[in-house]
Amino acid sequence: MEYLYLFIIFLLLVIVGILLYFLLQYNKQRVAFEKEKDLFDTKIKYLQLENLESRLDPHLFKNILNSIQSHAYQTYYALDKMAGVLDYILYDSQRKLVTLKEEHEFALRLIDINKIKLNPLFRLDVRSNIGEVEALYAEDLVAPLICVELIENAFKHADLTGNDAFITILFKLKNGQFDLVVSNKKSSKGSLRKERGGYGLSALRERLHLIYGPYYKLEKSEDEQVHSMHLKINLYDFKAKMYTLR
């Protein structure tokens with residue numbers, strides 16, 4: 001009986017050993033399978049990412065190309081306008097007086113250059129109520145660059161980002177009087193800029209006074225939201241005075 005018990009115990013130990021062996025082998029295979037599965041998932045993810053990137057690159061390249069084209073066109077457009085502005089500043093501004101037509105065209109080029117920095121949704125309203133047949137339009141009666149300060153100030157001090165932001169510019173010649181009216185929605189940073197500026201406007205007033213004397217007015221109106229400048233020059237009476245002094 002003692003040998004029988006020993007044999008049974010030995011048999012049980014062998015069975016337990018076999019079970020442990022198979023259990024260890026099973027665990028090894030499971031670990032190997034999980035590693036292989038992880039590696040497979042990693043390869044799948046890499047392939048998916050590579051596929052997405054292969055689709056993204058052409059779009060990215062196309063977007064960059066569109067951006068370059070846009071900037072190139074804007075650069076060409078700005079340089080073309082700038083060439084006209086520089087010609088006027090370098091050559092025509094050396095004259096004592098130019099025609100209103102020349103000053104008007106210069107001002108429109110200046111506005112076009114400033115347009116480049118505006119949001120496409122920004123409300124910029126430029127109107128020219130000047131008939132080409134107006135006799136004084138083509139006569140040398142206008143001091144060169146008198147429109148610059150008012151227009152530049154509008155773009156400098158306007159709120160260019162607000163939903164209700166705007167700049168309006170009106171050129172008008174009627175019954176021998178030239179009117180330039182420039183209005184803009186004021187920027188919240190206007191008070192800071194105002195402390196730094198002011199020289200250009202005072203220089204313009206002085207220049208207008210020396211050239212036109214009693215034949216001009218430069219009026220400012222503003223409230224909390226809107227700033228407006230109105231330049232009036234009586235070209236008809238100014239011309240008459242010039243003929244009298246000759």
Side-chain angles (χ1 to χ4, degrees), residues 63 66-86 88-89 100-132 134 137 142 144-175 177-205 208 216-233:
N63 290 338
N66 287 339
S67 179
I68 290 172
Q69 284 179 325
S70 175
H71 283 291
Y73 174 75
Q74 285 189 340
T75 301
Y76 170 80
Y77 180 80
L79 288 175
D80 183 57
K81 296 293 179 184
M82 183 61 77
V85 168
L86 286 176
Y88 188 78
I89 293 173
L100 179 57
K101 182 175 186 295
E102 291 168 318
E103 178 71 7
H104 180 218
E105 291 174 348
F106 161 75
L108 292 178
R109 290 193 194 97
L110 194 65
I111 293 168
D112 284 337
I113 291 173
N114 277 289
K115 271 185 188 175
I116 295 172
K117 63 185 178 185
L118 296 179
N119 184 311
L121 299 178
F122 182 85
R123 186 156 62 94
L124 173 63
D125 185 13
V126 181
R127 299 185 185 183
S128 298
N129 189 7
I130 299 176
E132 292 283 340
E134 283 279 350
Y137 188 57
V142 175
L145 305 177
I146 57 170
C147 298
V148 174
E149 185 65 24
L150 303 186
I151 293 172
E152 284 293 295
N153 274 349
F155 284 96
K156 190 188 302 179
H157 298 296
D159 180 357
L160 301 180
T161 57
N163 293 330
D164 56 348
F166 71 90
I167 293 175
T168 63
I169 301 172
L170 169 65
F171 300 90
K172 181 180 176 182
L173 178 61
K174 187 175 182 180
N175 298 328
Q177 178 170 297
F178 169 60
D179 291 82
L180 171 61
V181 185
V182 183
S183 302
N184 63 273
K185 174 76 180 297
K186 292 165 68 173
S187 169
S188 59
K189 299 177 182 176
S191 58
L192 178 61
R193 289 176 175 171
K194 190 175 179 181
E195 292 175 1
R196 300 175 181 171
Y199 171 77
L201 193 57
S202 63
L204 174 63
R205 286 186 186 279
L208 287 168
Y216 92 97
K217 285 185 179 177
L218 181 58
E219 299 172 339
K220 180 176 76 172
S221 61
E222 66 178 335
D223 55 27
E224 293 182 359
Q225 301 291 324
V226 179
H227 179 273
S228 183
M229 296 295 296
H230 187 173
L231 172 62
K232 308 174 186 177
I233 302 177

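In this text, all values refer to a predicted model and were calculated from it rather than measured experimentally.
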Next item on the list: Search all heavy atoms of V148 against all heavy atoms of F106 and return the closest pair with its distance.
Entry: CG2-CE2, 3.2 Å
Next item on the list: Please report the C-alpha distance between S221 and H230 in whole Å, then the side-chain angles of each, then the deciding distance to 0.1 Å, and finally whether the side chain to side chain contact (heavy atoms under 4.5 Å, CB included) criterion is met.
Entry: CA-CA 8 Å; S221 61; H230 187 173; over 6 Å; no
Item checked: Full working for side chain to side chain contact (heavy atoms under 4.5 Å, CB included) between V182 and N153 -> CA-CA 9 Å; V182 183; N153 274 349; over 6 Å; no
Note to self: For A158 versus S187, what's the shortest heavy-atom pair and its separation?
What the structure shows: O-CB, 3.6 Å
Margin query: With rounding to the nearest 0.5 angstrom, report the CG to CZ distance, L110 to F155.
Written below: 8.0 Å
Next item on the list: Start with the C-alpha gap between L173 and H104, add the side-chain angles, then the distance that decides, and say whether side chain to side chain contact (heavy atoms under 4.5 Å, CB included) holds.
Entry: CA-CA 11 Å; L173 178 61; H104 180 218; over 6 Å; no
Checklist line | Main-chain N/O of I146 paired to E103 side chain as donor or acceptor, under 3.5 Å | finding: yes
Note to self: Quick check: do K185 and D164 have side-chain heavy atoms less than 4.5 Å from each other?
What the structure shows: yes
Next item on the list: Just do the side chain to side chain contact (heavy atoms under 4.5 Å, CB included) check on L208 and L231 with the steps written out, would you?
Entry: CA-CA 10 Å; L208 287 168; L231 172 62; 3.7 Å; yes
Margin query: Measuring only between side-chain heavy atoms, which start at C-beta, is K115 closer than 4.5 Å to L124?
Written below: yes
Notebook entry, point to check: Which atom pair, heavy atoms only, marks the closest approach of I167 to A154?
Noted result: CD1-O, 3.7 Å
Notebook entry, point to check: Would you say the side chain of L160 lies within less than 4.5 Å of the side chain of N119, judging by non-hydrogen atoms?
Noted result: no
Notebook entry, point to check: Do K220 and H227 come within less than 4.5 Å of each other through their side chains, counting heavy atoms only?
Noted result: yes
Note to self: Could you tell me if the side chain of L204 sits less than 4.5 Å from the side chain of L150, heavy atoms only?
What the structure shows: yes
Next item on the list: Working to the nearest 0.5 Å, report the span between CG of L100 and SG of C147.
Entry: 7.5 Å
Margin query: How long is the straight-line distance from CD1 of I130 back to NZ of K101, given to the nearest 0.5 Å?
Written below: 11.0 Å
Next item on the list: Could you tell me the separation between the CD atom of E222 and the CG atom of N184, rounded to the nearest 0.5 Å?
Entry: 9.5 Å
Check: Side chains of N129 and D179: does their closest heavy-atom pair fall under 4.5 Å?
Finding: no
Margin query: Within the supplied structure, the quantity of interest is the number of heavy atoms (other residues, nucleotides, ligands) at a distance under 6.0 Å from N175 CG; does it exceed 12?
Written below: no
Item checked: Reported NE2-to-CD distance for the pair H157 and E152, which is rounded to 0.5 angstrom -> 10.0 Å
Margin query: Quick check for you: to the nearest 0.5 Å, what is the distance between L180 atom CG and I169 atom CD1?
Written below: 7.5 Å
Next item on the list: Find out whether Y88 and E105 are in side-chain contact, i.e. whether some heavy atom of one side chain is under 4.5 Å from a heavy atom of the other.
Entry: no
Margin query: Does R127 form a salt bridge (charged side-chain N to carboxylate O under 4.0 Å, His left out) with D125? I'd like the steps, not just the answer.
Written below: CA-CA 7 Å; R127 299 185 185 183; D125 185 13; 3.1 Å; yes
Note to self: For M229, is there any backbone N or O sitting under 3.5 Å from a side-chain donor or acceptor partner on E219?
What the structure shows: no
Notebook entry, point to check: Does the side chain of V142 come within less than 4.5 Å of F178's, by heavy atoms?
Noted result: no
